[in-house]
Q: 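After the structure tokens below, expect a handful of questions from me.
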Amino acid sequence: MSYTVEHRPGITEFIRFRRHLLSYLADAGTRGIDIVGLSIGSRLVFQVNHPDLIHDILIAHDWNFVKGRALRASKPVLGDGLLTSEGELHRRQRRLVQPAFHSQRLAAYASAMVECADIARRSWSEGSVLAIDQEMMRLTLQIVGRTLFSADMHNDASGVGDSLTRSLHLFLMLNSPLTQLVPPLRRLAERRASRARAEIAVVVQKVIDEHREHPDRYDDMLSMLLRSTDEGGTGYMSDELLLDESLTLFLAGHETTANALTWTWYLLAQHEDVADELYAEIDRVLAGRLPTLDDIPQLAFTSRVFHEALRIYPPAWVIGREAVTEYRLGDVRVPASSTLVMSPFAMHRDPRFWPDPERFDPGRWKETPESSHRPRFAFFPFGAGTRACIGEHFAMMESVLLLATLAQRWRFHLVPGQTIELWPQITLRPRHSVQMRIEAQSSPAVHAS
């Protein structure tokens, strides 16, 4: 197959790329360009914007690539967790972590998610104005604390919450382009990360020791990790790797889901017809009771709403890889050490695969002849292949349950006069807090709790 290629050499073009990331990435698909080559001196960056090429990189030839520089820069915080480890260590760790996400574990996690959401919705009052992004961060922090550590992040009695929140800020700092380009800033961030890890290690070690001393008392992800072995029945995780994976699961399971939910509420607030259909489905399926894992198949429209929000505003808006050896990208030669950039944000808005891509339309996710012919990698919010997000099913379950629980009691309205700006950091966040006024649902469901 022949692919369209565009070369954009020079520092001016590279500066445009850095300053206008989202619009720059999306522009290629809008104009039907499959490969964009950027160069500044000896540094080469290739934006890959075709589903077949993305499949080749993430699936068919994944052995020829390692994670991008940004995630490697995060090792002072994350150590050798799943996000940063490579090769055999990554494969071994993934085998050990996988049992914590098996389907038979999801029911226990589901009940904790709904309980946390119910507590949150009870704390709100009619007419209040909420910073919905901060509320979603608090809620997903509560959930990851409950499911990972059996820790109460609301009261933070264990000290886990403060420690992990600091690690999140350092994670963002280490991945800042300015930090990566300015050595004194990078060294400062690395020193702070080292101190934060030392503090977290003390806290998490106490939690690990408590789990080991009273194994029958806990049924959370950490207890699963403590019991995990590899396929040969050996290879328990060291405490250092337990710390690395705990930090990784916290960051991946907290930040991304909170942002995805924030964008979902934002889109629903602007599309009253879609919101009405979502509220009607929740009332019909739940009939006033709290949702359970078994309700998710019946919450089909709610699931489609979340899929469409992930399409328009994918939290993991870009995926980077570095070529280990020379690679052929279609007819383009990619030298070793080149950076390859694949953007879910750009692919999800590519009009070749998504008619009227800017339109919020959950109906896209009904099974139709058109949708069945859509390329697999026209939509990849969780990555793919051996490096795909291990918590994809956890995140989807959590998001649908939280949407149903919160919307069962409250409607969300954007406060007028705000400027909502996309801020592409490690995840796709709003640059400023998203203010929403809440209104009690006028259905029987609001009296159920």
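Along the sequence shown, residues carry numbers from 1.
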Q: If you apply the rule side chain to side chain contact (heavy atoms under 4.5 Å, CB included), what do you find for M396 with L310, and how did you get there?
A: CA-CA 10 Å; M396 291 300 300; L310 280 179; 3.9 Å; yes

Q: Mind checking the CG-OH spacing from N64 to Y327? Nearest 0.5 Å is all I need.
A: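 With rounding to 0.5 Å, CG (N64) is 7.5 Å from OH (Y327).
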
Q: Consider salt bridge (Lys or Arg N to Asp or Glu O under 4.0 Å). Of R387, R92, R91, which one does E86 pass it with?
A: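 Looking at R387, R92, R91, the match for E86 under the salt bridge (Lys or Arg N to Asp or Glu O under 4.0 Å) is R387.
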
Q: Any side-chain donor paired with an acceptor under 3.5 Å for E322 and T339?
A: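 Side chains of E322 and T339: no pair found under 3.5 Å.
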
Q: Just wondering, do Q47 and L38 contact through their side chains at under 4.5 Å, heavy atoms?
A: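 No, their side chains stay 4.5 Å or more apart.
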
Q: To the closest 0.5 Å, what do you measure between CD1 (I143) and CZ (R138)?
A: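 Separation between the atoms: 13.5 Å.
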
Q: Go through D62 and R321 one step at a time and tell me if the salt bridge (Lys or Arg N to Asp or Glu O under 4.0 Å) criterion holds.
A: CA-CA 9 Å; D62 67 324; R321 292 290 186 268; over 6 Å; no

Q: Hey, are D27 and T30 close enough side-chain-wise for a donor-acceptor pair under 3.5 Å?
A: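 Judged by distance alone, the side chains do not pair up.
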
Q: Working to the nearest 0.5 angstrom, can you tell me the gap between R429 CZ and T256 OG1?
A: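 Between R429 CZ and T256 OG1, I get 11.5 Å after rounding to 0.5 Å.
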
Q: Do D52 and Y3 come within less than 4.5 Å of each other through their side chains, counting heavy atoms only?
A: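 Yes, at least one pair of side-chain atoms sits under 4.5 Å.
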
Q: Would you say that more than 12 heavy atoms from the other residues, nucleotides or ligands in this model lie under 6.0 Å from the CG of D356, or not?
A: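 Yes, enclosed.
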
Q: Can a donor-acceptor pair be found, under 3.5 Å and without considering hydrogens, that links the side chain of W263 to the backbone of P314?
A: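 Pair absent, no side-chain N/O of W263 close to backbone of P314.
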
Q: Looking at the rings of W365 and F379, which for Trp means the six-membered one, are their centres under 6.0 Å apart?
A: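 Yes, ring centres under 6.0 Å apart.
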
Q: For P51 versus F353, what's the shortest heavy-atom pair and its separation?
A: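 Scanning both residues completely, I find the closest heavy atoms to be CD-CZ, 3.5 Å.
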
Q: Between D80 and L241, is a side chain to side chain contact (heavy atoms under 4.5 Å, CB included) present by the stated rule, with each step listed?
A: CA-CA 7 Å; D80 285 314; L241 285 175; 4.0 Å; yes

Q: Is any side-chain heavy atom of W265 closer than 4.5 Å to a side-chain heavy atom of L403?
A: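 Yes, side chains in contact.
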
Q: Just one of L83, V97, T248 clears the side chain to side chain contact (heavy atoms under 4.5 Å, CB included) bar with I390, so which one?
A: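 Considering L83, V97, T248, a side chain to side chain contact (heavy atoms under 4.5 Å, CB included) with I390 is found only for V97.
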
Q: Checking D34 against R352 for the salt bridge (Lys or Arg N to Asp or Glu O under 4.0 Å) test, could you report, in this order, the C-alpha distance in whole Å, the side-chain angles of both residues, the deciding distance, and whether it holds?
A: CA-CA 11 Å; D34 299 317; R352 294 176 293 179; 2.7 Å; yes

Q: Could you tell me if the side chain of E115 sits less than 4.5 Å from the side chain of Q142, heavy atoms only?
A: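 Side chain of Q142 against side chain of E115, heavy atoms only: no contact under 4.5 Å found.
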
Q: Does T257 reach the main-chain N or O of H254 with its side chain, forming a donor-acceptor pair under 3.5 Å?
A: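 Checked: no pair found.
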
Q: To the nearest 0.5 Å, tell me how far M224 CE sits from L226 CG.
A: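 Output value for this atom pair is 10.5 Å.
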
Q: Check the side chains of S223 and D220 for a donor-acceptor pair under 3.5 angstrom, ignoring hydrogens and angles.
A: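 Side chains of D220 and S223: pair found under 3.5 Å.
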
Q: Side chains of H348 and P381, heavy atoms from C-beta outward: is any pair under 4.5 Å?
A: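 They are in contact (side-chain heavy atoms under 4.5 Å apart), so the answer is yes.
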
Q: To the nearest 0.5 angstrom, please state how far the CE atom of M136 sits from the CG atom of L139.
A: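 The CE atom of M136 sits 5.5 Å away from the CG atom of L139.
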
Q: Given salt bridge (Lys or Arg N to Asp or Glu O under 4.0 Å), test R328 with D331 step by step and report yes or no.
A: CA-CA 6 Å; R328 298 297 299 185; D331 294 327; 5.3 Å; no

Q: Where do F380 and I319 land on the side chain to side chain contact (heavy atoms under 4.5 Å, CB included) test, with the steps shown first?
A: CA-CA 10 Å; F380 59 115; I319 296 172; 3.8 Å; yes

Q: Taking C-beta and beyond as the side chain, do L106 and F101 meet within less than 4.5 Å on heavy atoms?
A: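 Not touching, per the 4.5 Å side-chain cut-off.
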
Q: Taking the side chain from E398 and the backbone from A110, do they hold a donor-acceptor pair closer than 3.5 Å?
A: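 The answer is no, because no donor-acceptor pair under 3.5 Å joins these two groups.
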
Q: Is it true that the NZ or CZ of R8 lies under 6.0 Å from the centre of Y24's six-membered ring and within 45 degrees of the ring axis?
A: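 Yes, R8 sits over the ring of Y24.
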
Q: Nearest 0.5 Å, please: how far is OG in S111 from CG in L401?
A: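 The OG atom of S111 is 10.0 Å from CG of L401, to the nearest 0.5 Å.
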
Q: Quick one: closest heavy-atom pair of Y218 and E210, and the distance?
A: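 Minimum heavy-atom separation between Y218 and E210: OH-CG, 2.8 Å.
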
Q: Using modelled atom types and a 3.5 Å cut-off, is there a donor and acceptor pairing between side-chain atoms of R431 and backbone atoms of W423?
A: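 Not confirmed, R431 side chain does not pair with W423 backbone.
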
Q: Could you tell me which non-hydrogen atom of T292 sits nearest to which non-hydrogen atom of D295, and how far apart they are?
A: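 Residues T292 and D295, closest heavy atoms: N-OD2, 2.8 Å.
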
Q: Checking S399 against L261 for the side chain to side chain contact (heavy atoms under 4.5 Å, CB included) test, could you report, in this order, the C-alpha distance in whole Å, the side-chain angles of both residues, the deciding distance, and whether it holds?
A: CA-CA 7 Å; S399 299; L261 288 167; 4.1 Å; yes

Q: Would the distance check show the side chain of Q93 and the main-chain N or O of S85 forming a donor-acceptor pair, the cut-off being under 3.5 Å?
A: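 Here the side-chain-to-backbone pair does not exist.
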
Q: Can you name the closest pair of heavy atoms from T405 and A117 and give their distance?
A: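 Closest heavy-atom pair between T405 and A117: CG2-CB, 3.7 Å.
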
Q: How about F345 and W317: are their ring centroids closer than 6.0 Å?
A: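 Ring-ring flag for F345/W317: false, centres at least 6.0 Å apart.
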
Q: Is there a donor-acceptor pair closer than 3.5 Å between any side-chain N or O of T302 and the backbone N or O of V400?
A: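 Answer holds: no.
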
Q: Taking the side chain as every heavy atom from C-beta outward, state whether L188 and R192 have any pair of such atoms under 4.5 Å apart.
A: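 Heavy-atom side-chain distance check passes, below 4.5 Å.
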
Q: Keeping N259 on the side-chain end and E255 on the backbone end, is there a donor-acceptor pair under 3.5 Å?
A: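 Checked: pair present.
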
Q: Check whether any side-chain heavy atom of V5 lies under 4.5 Å from a side-chain heavy atom of H7, and answer yes or no.
A: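 In contact.
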
Q: Does any N or O in the side chain of S246 come within less than 3.5 Å of the main-chain N or O of L242, such that one atom is a donor and the other an acceptor?
A: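 Here the side-chain-to-backbone pair exists.
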
Q: Heavy atoms only: give me the nearest A346-L25 pair and the separation to one decimal.
A: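 In terms of heavy atoms, the two residues are closest at CB-O, 3.4 Å.
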
Q: Would you kindly check if the NZ (Lys) or CZ (Arg) of R349 is within the cone defined by 45 degrees around the ring axis of W354 and under 6.0 Å from the six-membered ring centre?
A: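 No, R349 does not lie over the aromatic ring of W354.
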
Q: Look at the side chain of N49 and the backbone N and O of I35, then say whether any donor-acceptor pair between them is shorter than 3.5 Å.
A: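 Answer holds: no.
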
Q: So, for R374 and R364, which heavy atoms are closest and what is the spacing to 0.1 Å?
A: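 In this case the closest contact between R374 and R364 is NH2-O, 3.9 Å.
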
